[in-house]
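Note that the structure is a prediction, hence the values are computed from the model and not measured.
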There are 4 protein chains.
Amino acid sequence: MDSAPMRNDLPRAAAAGKREQTKVLNRQLILNAARQVFAELGYGAATVRDIIRATPLASGTFYNYFKSKEEVYQAIRDEVALAIRPRLHDERMKASTVEEFISCTFRTFFEYVADDRMNFRTIRHAADNTRVRMDTPEVIAGFEELREDIERAISKNLFPPVDPDLLMAAIVGVAFEVSERMLKTSPHDPKAAADFATALFLGGVRALPEMQHHEESGESNGELKSDAA
Amino acid sequence: MDSAPMRNDLPRAAAAGKREQTKVLNRQLILNAARQVFAELGYGAATVRDIIRATPLASGTFYNYFKSKEEVYQAIRDEVALAIRPRLHDERMKASTVEEFISCTFRTFFEYVADDRMNFRTIRHAADNTRVRMDTPEVIAGFEELREDIERAISKNLFPPVDPDLLMAAIVGVAFEVSERMLKTSPHDPKAAADFATALFLGGVRALPEMQHHEESGESNGELKSDAA
Amino acid sequence: MDSAPMRNDLPRAAAAGKREQTKVLNRQLILNAARQVFAELGYGAATVRDIIRATPLASGTFYNYFKSKEEVYQAIRDEVALAIRPRLHDERMKASTVEEFISCTFRTFFEYVADDRMNFRTIRHAADNTRVRMDTPEVIAGFEELREDIERAISKNLFPPVDPDLLMAAIVGVAFEVSERMLKTSPHDPKAAADFATALFLGGVRALPEMQHHEESGESNGELKSDAA
Amino acid sequence: MDSAPMRNDLPRAAAAGKREQTKVLNRQLILNAARQVFAELGYGAATVRDIIRATPLASGTFYNYFKSKEEVYQAIRDEVALAIRPRLHDERMKASTVEEFISCTFRTFFEYVADDRMNFRTIRHAADNTRVRMDTPEVIAGFEELREDIERAISKNLFPPVDPDLLMAAIVGVAFEVSERMLKTSPHDPKAAADFATALFLGGVRALPEMQHHEESGESNGELKSDAA
DNA sequence: AATGAATGAGTTTTCATTCAT
DNA sequence: TATGAATGAAAACTCATTCAT
C-alpha cells in the first residue's frame, strides 16, 4: 500500500512483481500436482478435485489457470515435448553413421527420461496395476520427426532402404519399454540402457552386452507419491 | 456356459436351455460393449453407464453379471490372456535356436493381433488423439513369462547371458509398437511384421529386409466404432 | 494510474478534479453495463461478474462504487423514476378534462420511452425469446401515483366514479404494451402511439384512428447489444 | 411381487402400472415446485436446487425428468398455452360483432386466470418486489393469434381498419395488467374485470361501469408462499 | 432374471467477495 | 483508488448402485 500505485512498466526489469511470481508458482503447483495424480490414478480416473487436493490452493483457483483436466494435461505434455524433441532432432542431424544415429537417439532419450522421470513415468492404476501409456499429439509429432530423420538418413545412405515406419516403431517401442525398466533400477543407468538398445539395433541379440547386474529398486505404487512430491 | 460364446445367428445346434442361452448372450453383450467403451474412452474414464448404454440391456441387468467395471475388465483380460499366453509359451519352449525363439515369438504374436484386433487395438482418445496403451495384469504376466522363457533360454545357452529384463522389454516394445503399424496397413500383414522384427533382433538394422511398399489403410478413429460393433 | 481510463475524446470542459471526474465516469460505466446486462439476462440471472465483464474495470473496483447487484439496481431505478414521474404527475395535475388527463399521460410516457429506450426496452432472453418485464419499486410507485391522480380527478368530477385501480391498470397495461410496439417501428412514433391509446381510452375501438402504415424495423435481439453499448 | 412377472403388454388397459403413475406424479411434483419457486424468487434467480428442495425428491431425480431449469419452464408454459389458446381462438371465431369479440376475449381470459392463478401469477422478487412478467414463445404465439383474429375481424368489417398490432397490444396490456389487479381482490371476480375491460374497449373511460367496491386482499409477498403451496 | 427410476454422494463449475500489491 | 488472483460456499450435474415392479 505504501509503495503507491507503482508505475511498474519501466523499472520492472528482472523484478517480475510478487503477483507475477505467485502466478507462475501456482501454475507450477497445479502442473506438478497433476503429474502426480495422473501417475497415481491414471489420466482417465483422475479428477480435477484430486489435482486440487494435491495442492494448497482453493478449488476455484484451479479454474483461474486451466479450464479443465484436459487443459492441464495439454500443458504438461507440451512442456515435455518442447524440451526433448529439439534435442533429439539436433543430435540425429549431426550423425554421420548408423551407429551415431542410433546411439545418440537412445542416449539422449534415456538421459532425458532419467533426469525428468516424473514426466515419463508410466501411469499405473493403483487399483489394478494397469499400465497406461499416453502418447499425446506432441509426442506423436516426435515420432513423425524420427521417421523423417530416418528417411533423410536413408537418402543419405546412412541406412539401408528399410521401411522407415517400422524402424521408427521399433525404436520407439524399445525406447519407451526399456525406459521403464531403467526407471525401476536404482540408480537409474541411462548409459546401460542406451548401450543395450544401441547394441541390439546395430547387431541384434548376439551383439548385446553381457548381463549387467542390476538391483530392482523397491519402488512400488506407494512410493510414487513421495517421488513426485 | 459350456455352450461357449456361440455366434447366435446360426441355428442353436445343441439346444442349451433358452435361459442358459440368454445368460451367455447377455454376458457377451456386456463384454463386447465394455471392450468398445474402454477402447473409446480409456478404462479410467469409462463408466458403467457408458457400458450399459452400449448394450440393449437395462442398467440393473449389468449387476446380474458383474459387480463393477473392474470385474468386467478382469473378464476381458482373462479372455485375452488365456488365448494368447499359452500359445506363445508353447512355441518358445519348442525353440532350439535364437532364431526360432525370436521368430516364433513375433510371428505368433502378430498373427494373434491381426486376428483379434479388437483386443489389441491401441486406444485413442477421439477428442485429442491421445494414444493410450493399457497393459493389464494378465498382459504383464505374459511379459514375466517371456522373461522367464528368456532366462531358461540363456541357461540352455540359446542366448548369450544378456539382461533378460531388458531383452524382454525390447521384445515387448517392438511387438506392441510394430503391431500398431501393422494394424494401419491393409491388408494386415503379420508375416512382414514378424520378418522385420525378427531380422532386427537377429542382425540389427543392417540385416533388415529392404523396404516393402505398404499402403496406409484409410483407417481412422471414426472406424474404431464400427470395427468393434 | 492517475492517467485513468478517461474518455478523453472531448476537451474536459469545466475541469472538475480529475479524480472526481473519474469517479463519476466509472460509476456511469458500471450503471450502463448493468443496464445492458439486466436487459440481456434479466435481473435475477445477471451476476456481478457479468456486469464487471461489460466494463473495462477490474472486479474489485465494482465494490468501490456499489455493495452489490441490488445496489446498482436501485441506482438505475432511481435515475429512471426521478426523470419521468414528476413530469407525468405535473402534466396530469394541469389537466382539466378527461381528454387532457389521458392524452398527456400517454404522450409524456411514450415520448420519454422513445427518448430513453434503453431503460424501457422490454427484456428478452436471447436464448429462448422469453419476454421479461420488470416493474421496479420506483415504477410501481409511479403506478400508485397514477392511481392517486385518478382518484383526485374523480373527486374533481373529471372522471366518472370508476374503479381507480382498474383504470390505472388498464392505462399502465396499454402504456407498456404499446410502448413495445412503438419501439419496434422505425422511426419511433410516440405521437401515433399516444393518439391510438388516447382514442381508445376516450371512445373505445370504434373511435380508433384508421390504420397507419408502419414498417417493422429490422431490430432484433442481436441489436440490443449494440443499442445499449 | 405376488403378481408374478406380469405380462403387462396386454391386460394393461387403463391400469397404467404403478411405475407409470409414479412417473407422472413426480413430473407434476417438480412442475408444481417449479411454479412456486419461480413465483417466489423469479425465474432468473431460481435455481434447480430451489426446485428440488421444494420437492420430496432427490436431486438426481430432477435430471431424470428435465435437463435444466429452462426445460421445466418450457413444460410449464406449454401446459398453460396449450390450455388457453384454443379456447380464446374458438370464442373469437364465433364472434359476429365487436362487442362479442372483445367481451369473449376478456371473459375467457379472466376466467382462466381466476381458475389457474398459479400459472398467471406475476412473478415477484421477494427481496425487492420487482415484478417480472415472462411472455414465453407460446404466450407470444397467443398474441400473434389474437392479431390474426383481429385482422380477420377487420376484413369481415367487424372492426374498423385499425392497426391490428396496436389493438392487439392494447388488449394484451389490459388483459395482463387487469388480471393482476383481479388476483389481488378477494374473491377473484373475473366478471367484473371482464366487464370493465370490455366497457373500456367499447366506449372508452366514459362508458366504464361505476365503481365497484372491492377489498384489497391482504396478500403480500409473505403469503405468496402459502398461496402456492 | 430383467427392468429402469430413485437415490444421494461425489464431481465439476461458478460466483460474490476479499485482499495483497 | 484500481487491480485481479485467491478463496470457498453454493450451484449444476453425474454416476454407481439399489429396489420395487
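The nearest whole Å value for the distance from the CD atom in Gln21(A) to the C1' atom in dG4(F) is 17 Å. The distance from atom CG of Leu25(D) to atom C1' of dA6(E) is 13 Å, rounded to the nearest whole Å. In this entry the distance linking CD1 of Ile30(D) with P of dC13(F) reads 14 Å, nearest Å. If you measure from atom NZ of Lys23(C) to atom C1' of dT1(F), you get 9 Å, rounded to the nearest angstrom. Atom CG of Leu29(D) and atom P of dA6(E) are 10 Å apart (whole Å). Between the C1' atom of dT21(E) and the CZ atom of Arg19(A) lies a distance of 5 Å, rounded to the nearest Å. Between the CG atom of Asn26(C) and the P atom of dT1(F) there is a distance of 11 Å, given to the nearest Å. The separation between Glu71(B) atom CD and dA16(F) atom P is 15 Å, rounded to whole Å.
Using Watson-Crick or G-U wobble geometry with both donor-acceptor distances under 3.5 Å, dA5(F) finds its partner in dT18(E). Nucleotide dA1(E) forms no Watson-Crick or G-U wobble pair with any nucleotide shown, as no partner meets the under 3.5 Å limit on both distances.
If you check the side chains of Asp50(C) and Thr47(C), you find a donor sitting under 3.5 Å from an acceptor. Using modelled atom types and a 3.5 Å distance limit, the side chains of Tyr65(B) and Gln28(B) yield no donor-acceptor pair.
Of all heavy-atom pairs between Ile30(A) and Ile51(A), the closest is O-CG2, 4.0 Å. The minimum heavy-atom distance between Arg27(D) and Ala75(D), with the atom names listed, is NH2-CB, 3.7 Å.
Ion pair Arg35(C)/Glu79(C) flagged as a salt bridge, since at least one NZ, NE, NH1 or NH2 atom sits closer than 4.0 Å to an Asp/Glu carboxylate oxygen.
Under the 30°/60° scheme for interplanar angles, the aromatic rings of Tyr73(A) and Phe38(A) are found to stand perpendicular.
Listed pair Tyr65(A) / dA6(F) meets the phosphate criterion, a side-chain N or O lying under 4.0 Å from OP1 or OP2.
Residue Phe66(D) is classed as having no contact, given no heavy-atom separation below 4.0 Å to the nucleic acid.
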**Request:** For nucleotides 13-19 of chain E, just jot down a letter per nucleotide in 5' to 3' order: B, S or -, based on protein non-hydrogen atoms under 4.0 Å.
**Result:** BBBBBB-
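The CG atom of Leu31(D) sits 10.5 Å away from atom CG of Asp78(D), with the distance rounded to the nearest 0.5 Å.
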